[in-house]
Amino acid sequence: MPSACDSLIDDIEDMVSTHDATPHERQFAKKNVVPRARRRKQQQTTEELQADSVIPGTQKIWVRTWGCSHNNSDGEYMAGQLAASGYSMTENAAEADLWLLNSCTVKNPAEDHFRNSIKKAQEQNKKVVVAGCVPQAQPRMDYLKGLSIIGVQQIDRVVEVVDEAIKGHSVRLLGQKKDNGKRLGGARLDLPKIRKNPLIEIISINTGCLNACTYCKTKHARGDLASYAIEELVERARQSFQEGVCEIWLTSEDTGAYGKDIGTDLPSLLWELVKEIPEGAMLRLGMTNPPYILEHLEEMAKILNHPRVYAFLHVPVQSASDSVLMDMKREYCVNDFKHVVDFLKDRVPGITIATDIICGFPGETDEDFQETMELVRQYRFPSLFINQFYPRPGTPAAKMEQVPAQVKKRRTKELSALFHSYNPYDHKVGERQHVLVTEESFDAQYYVAHNKFYEQVLVPKKAEFKGKMIEVDIYEAGKHYMKGRPVDESRIFTPSIAEPLRKGEVSGLTQELKRTSGNGSLGAGAALTVGPWSFDREGLKFLSVGLALLAVVMALVVDRLL
C-alpha cells in the first residue's frame, strides 16, 4: 500500500535527515529570533477541532506464510513478538488492520499468490508489511514500492517495522546480522513465538547453504551458510519441552551442511539434542543434500535408529541424469544419491526416504527424463515432491534454453502417474505400531499421528489422544496414510514434561507478562498501568484522542501569544 510519506525511509535509524539542523545550530539560531507582535483579527472563524491519533500496538494483525518450515518458524517468531508487544493476532484477514505477508521465492506460483495478496490488501485499504525470501531477494520489484519490508535476518525487529507501518511510514530492514564481521545465523532463538501447533516446535539450525544451484532463488535471499551454536539450539529445545512441546522439527536450507562454518557438524548437534528429548517425544530431521550427508552416513544411521528420532530423511535428488545434475550444479552424481539411500536402508530398517524431482529442467532430454523415471521405479519412494521447472528471475537457469512448456507438463504428468501407481503402505496392514498424535486432519474427521518412520497414521478424534503416544492396529492403507485402531487397554503415554501452551499463547514470556497480556494482546480484562493511572484498551483510545485535542488547543494558544 502506498506510504503516507513522500520519501522512502531505508531504516528506522534514518528517520532523522542529514539536512536537519544540529542541536548546536538550533541553539545558535535562537539568539537571532526577534519577537513580532501579531494583530488579533476582529472576527475569529469557529472551526471544529479534529484529531486523528494512532497508537501502535492496539491493532489487529493477520499473518500469512508461504513456503518451507524455516519460513513457518520465522512467521511464528514474528507473530509472537507482535502479540507480546500488545497487538492482537487474528486468523480473520477481513478484520485485521494490517497484513503481514511472509513470502516464498522457490516457485513462480508461490510468488504469484504473494503478489495477489498484496493487491487484495491494498484494495481493502489494509496496511501491509512484507517479509520472507521474495522481498529479501528482490526488494526493488514494482509491486513492492512503498511497502514496509522486514528482512529474513531482521525478524527480531518486526515490532518496530509494524509500528511504523501502522503510522503510515515505509521502513525497510534488509541487513545481515554479523558479529565481528562474521555472518550470524539470524535472529535470536529465544524470542517470543506463537506456535501454529503448540505441540510442535520448528527450530532453524542454520540459514543459507554452501551450494550455488543454477535454478535456486532462495540462495539470493538466505545467502551463504551461517549456523547457530550447539548450546543455543539445545537451550531452545529444552525451553520448548518445558512448554509442553512433544515433537521438534529441525529445519534449514540444508541441515546436512550444519556447522561447517563454525567448526562442528550435524551429528555433533544431534547427539546433544537427543539428551534433551523426553521419553515418548520425537525429533524430525529436515532436508539435507547428498554431498554433506555422505560425510556422516555411519553416525547418521546410529542417530536415525535412536528411539526418540524419526527414521526419516528428506534427501532431494532433483534428477537421475548426471548431465542434468551437472547443469544444475548439484555437486553430486546419481550414484552418490543411491549410495546414501542404499546405506541408510541397510542400516536403518524401515527408514522413510523422501525426495524431490524437477521435471523439464533446461536441456533435459527424453533420455534424461527416463533415467529419472527408472530411479522412481527402483526405489518406489513413499514421499515424492514433483515440481515442474519454473525459471526464476536472476538465476542462471532462467537464461538457459528452456524445455517447451507442453513437454514439461507431459513429463510432470507422466512422473505423477508413476508415483500414484503404487501404494507404499499396503504391506503394513495388520501391524501394531506406536504413534505420536500431534495434529488434526484436513477434513477434521481424524487426528493425525506418525509412527517411528514418520508415516502418517489417522486415528479416532478423541481429545485424550492429542499430544500422546498411543498403540494402534493398522487396519487400512491409502496412498499417503494408514488408519489405526487404538489397542484396547493399551496405555496412553504422555511425552510432554509440562502442559502444552494454549493455541495462540505466546512462547517465551515470563509468567508476569503472561498474566498481563493473556494471549499477547490487551484483552477486555487487561490494562496498561502508567504511574498511578490504569487504562484498559478502550481507555487508551479515549486517552489518545484527549491528548491529541490537548495538543491542538495548546498549539492555538501558543499561536495567539506569538
Side-chain angles (χ1 to χ4, degrees), residues 65-71 103-117 132-134 137-138 141 209 211-222 253-254 287 289-290 314-332 334 337 353-422 424 479-480:
T65 295
W66 293 265
C68 64
S69 53
H70 192 166
N71 232 31
S103 62
C104 172
T105 192
V106 171
K107 293 190 290 187
N108 292 16
E111 184 172 349
D112 291 342
H113 287 306
F114 171 62
R115 182 169 53 247
N116 290 338
S117 293
C133 292
V134 171
Q138 296 175 284
M141 294 290 286
C209 68
N211 297 335
C213 301
T214 55
Y215 57 82
C216 182
K217 188 73 176 175
T218 305
K219 180 64 178 276
H220 296 192
R222 297 283 183 179
E253 284 64 60
D254 188 350
M287 186 273 288
N289 284 311
H314 178 194
V315 188
V317 65
Q318 305 300 8
S319 173
S321 164
D322 285 343
S323 63
V324 173
L325 291 174
M326 186 177 296
D327 289 340
M328 290 178 173
K329 288 193 176 179
R330 290 290 287 168
E331 299 183 4
Y332 60 87
V334 70
F337 173 80
I353 300 290
T355 195
D356 300 0
I357 289 174
I358 295 175
C359 294
F361 185 82
E364 183 186 62
T365 65
D366 285 335
E367 291 76 17
D368 294 329
F369 178 67
Q370 287 307 315
E371 290 184 74
T372 299
M373 292 284 287
E374 185 54 40
L375 183 76
V376 175
R377 290 191 190 96
Q378 178 182 352
Y379 288 99
R380 296 167 68 89
F381 301 103
S383 183
L384 179 61
F385 302 95
I386 302 170
N387 302 289
Q388 181 179 313
F389 175 74
Y390 290 96
R392 300 297 289 135
T395 62
K399 301 174 184 177
M400 298 177 182
E401 185 176 351
Q402 303 296 307
V403 173
Q406 64 271 23
V407 175
K408 290 192 289 187
K409 290 180 181 178
R410 174 176 57 77
R411 290 176 184 170
T412 303
K413 187 176 180 180
E414 188 176 342
L415 183 58
S416 297
L418 172 59
F419 174 60
H420 286 93
S421 68
Y422 58 86
K479 175 62 182 174
H480 302 286

Measuring from atom [atom1] of [X] to atom [atom2] of [Y], what distance do you get when rounded to the nearest 0.5 angstrom?
{"X": "Asp368", "Y": "Ser321", "atom1": "CG", "atom2": "OG", "answer": "3.5 Å"}
{"X": "Asn71", "Y": "Thr65", "atom1": "CG", "atom2": "OG1", "answer": "6.0 Å"}
{"X": "Met373", "Y": "Glu371", "atom1": "CE", "atom2": "CD", "answer": "13.0 Å"}
{"X": "Met328", "Y": "Ile358", "atom1": "CE", "atom2": "CD1", "answer": "4.0 Å"}
{"X": "Gln318", "Y": "Cys213", "atom1": "CD", "atom2": "SG", "answer": "7.5 Å"}
{"X": "Leu415", "Y": "Gln388", "atom1": "CG", "atom2": "CD", "answer": "12.0 Å"}

Does a side-chain heavy-atom distance below 4.5 Å link [X] with [Y]?
{"X": "Val403", "Y": "Phe389", "result": "no"}
{"X": "Lys217", "Y": "Cys133", "result": "no"}
{"X": "Phe419", "Y": "Lys479", "result": "yes"}
{"X": "Met400", "Y": "Thr214", "result": "yes"}

Exercise. Residues in side-chain contact (heavy atoms from CB on, under 4.5 Å) with Ala110, at least two apart?
Worked result: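 Partners of Ala110 under the side-chain contact (heavy atoms from CB on, under 4.5 Å) test: Cys104.
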Exercise. Looking at residues at least two apart in the chain, or sitting in another chain, which of them share a side-chain contact (heavy atoms from CB on, under 4.5 Å) with Asp322?
Worked result: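 side-chain contact (heavy atoms from CB on, under 4.5 Å) list for Asp322, sorted by chain: Leu325, Cys333, Val334.
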Check side chain to side chain donor-acceptor pair (under 3.5 Å) between [X] and all other residues, then give those that pass, not counting sequence neighbours.
{"X": "Thr355", "result": "none"}
{"X": "Ser416", "result": "none"}
{"X": "Lys107", "result": "Asn387"}
{"X": "Asn108", "result": "Arg392"}

Side chain of [X], backbone of [Y]: donor and acceptor closer than 3.5 Å?
{"X": "Ser103", "Y": "Phe114", "answer": "no"}
{"X": "Thr372", "Y": "Ala320", "answer": "yes"}
{"X": "Tyr332", "Y": "Val317", "answer": "yes"}

I'd like a table of donor-acceptor pairs (distance under 3.5 Å, sequence neighbours excluded) in which one partner is a side-chain atom from residues 378-386, with atom names and distances.
residue	atom	partner	partner atom	Å
Tyr379	OH	Asp342	OD1	2.9
Tyr379	OH	Asp342	OD2	3.4

For this session: Heavy atoms only: give me the nearest Ala137-His220 pair and the separation to one decimal.
Result: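 Distance-wise, the nearest heavy atoms are CB-CB, 3.9 Å.
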Exercise. Any idea which heavy atoms bring Cys359 and Thr412 closest together, and the distance?
Worked result: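 Shortest heavy-atom contact: CB-OG1, 3.4 Å.
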Salt bridge (charged side-chain N to carboxylate O under 4.0 Å, His left out) partners for [X], two or more places apart:
{"X": "Lys219", "answer": "Asp224"}
{"X": "Asp366", "answer": "Arg410, Arg411"}
{"X": "Arg330", "answer": "none"}

For this session: Can you run down the side chain to side chain donor-acceptor pair (under 3.5 Å) pairs that involve residues 395-404, sequence neighbours left out, and say none if there aren't any?
Result: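 Pairs touching residues 395-404 that pass the test: none.
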Problem set entry | Residues forming a ring pair (Phe, Tyr, Trp, His ring centres under 6.0 Å) with Phe369, sequence neighbours excluded |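 For Phe369, no residue satisfies ring pair (Phe, Tyr, Trp, His ring centres under 6.0 Å) once neighbours in sequence are set aside.
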